Amino acid sequence: MNPAIQGLVTIAIGVGGCLAYFYFSNQLLDKVVFPARGTNAGKNINRANMVRPWLFLLPAILALGLYLAYPVFETIRLSLTDRDQGGAFVGLANYQQMASEPKFWEAMRNNMLWLIVVPALSTAFGLLAAQLTDRIKWGNIAKSLIFMPMAISFVGAAVIWKLVYDARPPGTEQIGVLNAVYVWMTGNDPQQWLTIPIWNSFLLMIVLIWIQTGFAMVILSAALRGIPEETIEAAIVDGASPLQIFFKIKIPQIAGTIVVVWTTITLVVLKIFDIVFAMTNGQWETQVLANYMFDKLFRANDWGVGSASAIVIMLLVTPILVWNVRNARKEMR
Amino acid sequence: MDNIAGTKSSLTWAVHISVALLVILWLFPTVGLFVSSFRTADQISSSGWWKALFPTEQSLVVRAAGADAQELQNGVYVIEGNLFTGENLPEGIDMSAWGTSSRDVGAYAPGDTAELRRGGTITVEANGDYRIESAEEIGGNRGQRVFVTAELPPDFTLANYEQVLFSGDRTDSMAKAFFNTLTVTIPATIIPIVIAAFAAYALAWMDFPGRALLIAAVVGLLVVPLQLALIPLLKLHLNIGIGKGYLGTWLAHTGFGLPLAIYLLRNYMVGLPRDIIENARVDGATEFQIFTKIILPLSFPALASFAIFQFLWTWNDLLVAKVFLIDATGQTTVMTNQIVELLGTRGGNWEILATAAFVSIAVPLLVFFAMQKYLVRGLLAGSVK
């Protein structure tokens, strides 16, 4: 069957099936199982209302359970077994093997660098852009242009930036902006930037910063606009300079939002895969955890170590998870 | 709000200039790719794209007519013509230098006469007119090669798009990948919305034990890295016979998109006015009716926000497609994967890469600019509390 038709059929079955399920299960509940008639009418209505939420939730709970909750436990199990030995329990052997690989530590080191640099710079640039664009008439146009990279795929961004970093042999015309500027300013030979360790990691980070700045800007700009004007007016009356107003009046009031932006970008960084995969594939010391894991799973076919590295990513995410859940519960009360 | 106290105009200018710089810096890389996708391979490799907007000095290789064009004039064999006819070049080229050897492409000035290695002489004028003279009959069936240096006006072509979209060449073709991506994206956007909307309504407006716990669970699942799900789910799909294919990909995207969908929709639905819902209940509307007739239409902005997120995410996704969709036959490749493969096989062919990348970027950009309002609203609802 043509995939496009298959897609349409799936939409029809998926959407139709969902709607039919919700409709008929409700009908069944109200008319057959607990009918609102006869002597037990009142009791039945209450019973039906106790069951109904679960009818509404059932498909979501099934999907979440199967596609997100179950894999967490299954991955923990897999990380403790060895596929080559028929799935035998091997304790922490996979973790030990992983810890003995230099590539893993390289990935950890790079991930830590990414974790420090990308959220910090994205948030800083986002804050700067938000503060500046809010003051001018064409600010909204500027905002949407800075925000635009959000819509571009990591792979597309990788191609865009590979052109920026491109190097041609010395003496010929450079077609990458970076080398063109570098040769023009220093007169040195052009460099293969993506093959020079540490610099190349930072060049990959620039791609993500370029994408995430728009996100930070949009959220922080909304927060800046939410600051009560009296506080700023009072500061102006007291003779505060624009810089003082920004750092001592505005920043403290949007500190909560800055934290939210920072953690959201941190989550993106922890899972970063496409950019590294497409630009260097972890060569020249640019490996990161998610790409290391992909390598183990689908190149080395080592599910044990692959799962172990997935668990490492999960452990790094866990503090944010706990913090988010606690915040959500606080709000509920 | 800063003009309350009368901001200095110099400062305003500084702001204008800084924002302009920031915007240019952020646009520059994308514009580079866009411009490159309209240039030929020769143009891309001979000059930076930022020079494409101005006339540039370029070296071209052209050929004079072959031996069968020669005529005998007064006992001398002559080939005459214009180097630029039939070369698919813009009109009115004014060359600055030419040569007959690749070792010295600018050896002669227009109007000079050069000795040919195989005998005879050639004279080339600035407008491309040439005259080859030889005392003996000219042999060889290919024409004389001439290297020309000339100032060419900006020149753009759609040939790359033709090549990438319509050539039918399997390694370059994005047309198939485009439809595959579309096939993945649309069901993977619509199905989670339906499932999540019902769940979000239950979590927002129905009272039942365990509700708080479920909401906390959704918030928790929001950040679970999908890396954890790859192997267990691939194993599951292989075991129950779905294997690698569209169905598995749709299911995976649905599962991965649900937490955000439920979270966004619940947050929005909780904010709907209580009166409307309670009045409807008093009037005897069933929960199903309340949901479809009142909640769904009112929640349109939130539904649109999530739809955009999920669309961008599934369209731009590489990992899920690589794991759950693309099998050894490569029939189901998506655009992101196709581009990564082009990066490997045609890493130097920027005209193909740039065009392929732009084909895949174009749709999300359209969606982005058309529905930015909903995207921003969704972002704000999803992260700021």
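The shown structure was predicted, so the numbers you read here are calculated from the model rather than taken from an experiment. Chain letters run A, B, ... following the sequence lines, proteins first and then strands; every chain starts at 1.
Among A/Asp134, A/Ile146, A/Val317, A/Val322, the residue making the largest number of heavy-atom pairs under 4.5 Å with chain B is A/Ile146. Among A/Lys162, A/Gln27, A/Lys143, A/Gln174, the residue making the largest number of heavy-atom pairs under 4.5 Å with chain B is A/Lys162. Comparing B/Ser18, B/Ala354, B/Pro209, B/Pro259 by heavy-atom pairs within less than 4.5 Å of chain A, the highest count is held by B/Pro259. Interface check for chain A: of the options B/Leu221, B/Asn316, B/Ile190, B/Leu33, the most heavy-atom pairs under 4.5 Å are formed by B/Asn316. Comparing A/Ser144, A/Cys18, A/Ala63, A/Pro59 by how many heavy-atom pairs each has under 4.5 Å with chain B, the most go to A/Ser144. Between chain A and the residues B/Ile186, B/Val363, B/Val323, B/Ile231, the largest count of heavy-atom pairs under 4.5 Å involves B/Ile231. Most heavy-atom pairs under 4.5 Å with chain B: of the set A/Arg326, A/Arg168, A/Met279, this distinction falls to A/Arg168. Contacts with chain B were tallied for A/Ile311, A/Leu66, A/Thr213, A/Asn26; A/Thr213 has the most, counting heavy-atom pairs under 4.5 Å. Interface check for chain A: of the options B/Ala188, B/Gly210, B/Pro192, B/Ala199, the most heavy-atom pairs under 4.5 Å are formed by B/Ala199. With respect to chain A, the highest number of heavy-atom pairs below 4.5 Å among B/Phe28, B/Trp313, B/Trp205 belongs to B/Phe28. The candidate from B/Ser36, B/Ala261, B/Ala202 with the greatest count of non-hydrogen atom pairs under 4.5 Å with chain A is B/Ala202. Note: A/Leu64 leads A/Val15, A/Leu64, A/Leu267, A/Leu297 in heavy-atom pairs under 4.5 Å with chain B.
Using a 4.5 Å cut-off between heavy atoms, A/Val164 contacts chain B through its side chain alone, with no backbone atom that close. Residue contact with chain B, scored on non-hydrogen atoms closer than 4.5 Å, involves the backbone and the side chain of A/Leu163 alike. For a residue to count as touching a neighbouring chain, one of its non-hydrogen atoms must lie under 4.5 Å from one of that chain's; by this rule B/Thr254 does not touch chain A. For a residue to count as touching a neighbouring chain, one of its non-hydrogen atoms must lie under 4.5 Å from one of that chain's; by this rule B/Phe179 does not touch chain A. A/Arg77 touches chain B through its side chain: at least one heavy atom from C-beta onward sits under 4.5 Å away, while N, CA, C and O do not. Heavy-atom distances place both the backbone and the side chain of A/Trp303 under 4.5 Å from chain B. For chain B, the nearby parts of A/Leu321 are the backbone and the side chain; heavy atoms of each come within less than 4.5 Å. For a residue to count as touching a neighbouring chain, one of its non-hydrogen atoms must lie under 4.5 Å from one of that chain's; by this rule A/Leu270 does not touch chain B. Residue B/Ile308 does not touch chain A at all, counting heavy-atom pairs closer than 4.5 Å. Of the two parts of B/Ala196, neither the backbone nor the side chain holds a non-hydrogen atom closer than 4.5 Å to a non-hydrogen atom of chain A. Only the side chain of A/Leu78 comes within contact range of chain B, with heavy atoms under 4.5 Å apart. For B/Val270, no part lies near chain A; criterion is any non-hydrogen pair under 4.5 Å. Looking at B/Ile193, neither its backbone nor its side chain comes within 4.5 Å of chain A, counting heavy atoms on both sides. Within the 4.5 angstrom heavy-atom criterion, only side-chain atoms of A/Pro149, from C-beta onward, approach chain B. Residue contact with chain A, scored on non-hydrogen atoms closer than 4.5 Å, is absent for B/Phe34. In this structure, no portion of B/Phe358 lies under 4.5 Å from any heavy atom of chain A. Using a 4.5 Å cut-off between heavy atoms, B/Leu214 contacts chain A through its side chain alone, with no backbone atom that close.
Aromatic ring orientation, A/Phe125 versus B/Trp26: perpendicular (interplanar angle above 60°, classes split at 30° and 60°). Using a 30° and 60° split on the angle between ring planes, A/Phe22 and B/Phe198 fall in the parallel class, below 30°.
In this structure, A/Phe273 CZ and B/Gln227 CD are separated by 8.0 Å, a value rounded to the nearest 0.5 Å. Here the CD1 atom belonging to A/Ile313 is positioned 7.5 Å from the CG atom belonging to B/Leu228, to the nearest 0.5 angstrom. In this structure, OH on A/Tyr70 lies 7.5 Å from CG on B/Leu233, to the nearest 0.5 angstrom. We find the CG-CE distance between B/Leu319 and A/Met293 to be 6.5 Å, quoted to the nearest 0.5 Å. Between atom CG of residue A/Leu132 and atom CG of residue B/Leu21 there is a gap of 10.5 Å, rounded to the nearest 0.5 Å. Atom-to-atom distance recorded for B/Leu222:CG and A/Thr264:OG1 is 9.5 Å, nearest 0.5 angstrom.
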(Q) For A/Val72 and B/Val224: C-alpha separation, side-chain torsions, deciding distance, then whether side-chain contact (heavy atoms from CB on, under 4.5 Å) applies. (A) CA-CA 8 Å; A/Val72 174; B/Val224 168; 4.0 Å; yes
Q. Yes or no on side-chain contact (heavy atoms from CB on, under 4.5 Å) for A/Val155 and B/Gln338, after CA distance, side-chain angles and deciding distance?
A. CA-CA 10 Å; A/Val155 174; B/Gln338 189 77 356; over 6 Å; no
**Q.** Worked verdict on B/Val19 versus A/Trp138 for side-chain contact (heavy atoms from CB on, under 4.5 Å)
**A.** CA-CA 10 Å; B/Val19 174; A/Trp138 54 287; 3.6 Å; yes
Q. Checking side-chain contact (heavy atoms from CB on, under 4.5 Å) for the pair A/Arg52/B/Phe208: CA distance, chi angles, key distance, verdict?
A. CA-CA 9 Å; A/Arg52 196 179 336 270; B/Phe208 59 94; over 6 Å; no
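Under the 4.5 Å side-chain criterion, counting only non-hydrogen atoms from C-beta, B/Trp350 is in contact with A/Asp166. Within the 4.5 Å cutoff, no side-chain heavy atoms of B/Leu258 are placed close to those of A/Tyr67.
Atom CZ of B/Phe369 has more than 12 heavy atoms from other residues, nucleotides or ligands within 6.0 Å.
Screening A/Tyr21, A/Tyr23, A/Phe24 for a ring-ring contact (aromatic ring centres under 6.0 Å, His included) involving B/Phe288 leaves a single residue, A/Tyr23. B/Val23 pairs in a side chain to side chain contact (heavy atoms under 4.5 Å, CB included) with only one of the listed residues (A/Ile141, A/Thr133, A/Leu145), which is A/Leu145.
Minimum interatomic distance between A/Pro53 and B/Met206 (heavy atoms only, all atoms of both residues): CA-SD, 3.6 Å. Between B/Trp50 and A/Ile175 the shortest heavy-atom distance is CZ3-O, 3.6 Å. What you find for A/Ser153 and B/Ser360 is that their closest heavy atoms are OG-OG, 4.5 Å. The minimum heavy-atom distance between B/Leu226 and A/Lys271, with the atom names listed, is N-CD, 4.5 Å. In this structure, B/Ile361 and A/Gly156 approach most closely via the heavy-atom pair CD1-CA, 4.2 Å. A/Pro71 and B/Ala229 make their closest contact through CB-CA, 3.5 Å (heavy atoms, listed as atom of the first residue, atom of the second, distance).
Less than 6.0 angstrom separates the ring centroid of A/Phe147 from the ring centroid of B/Phe368.
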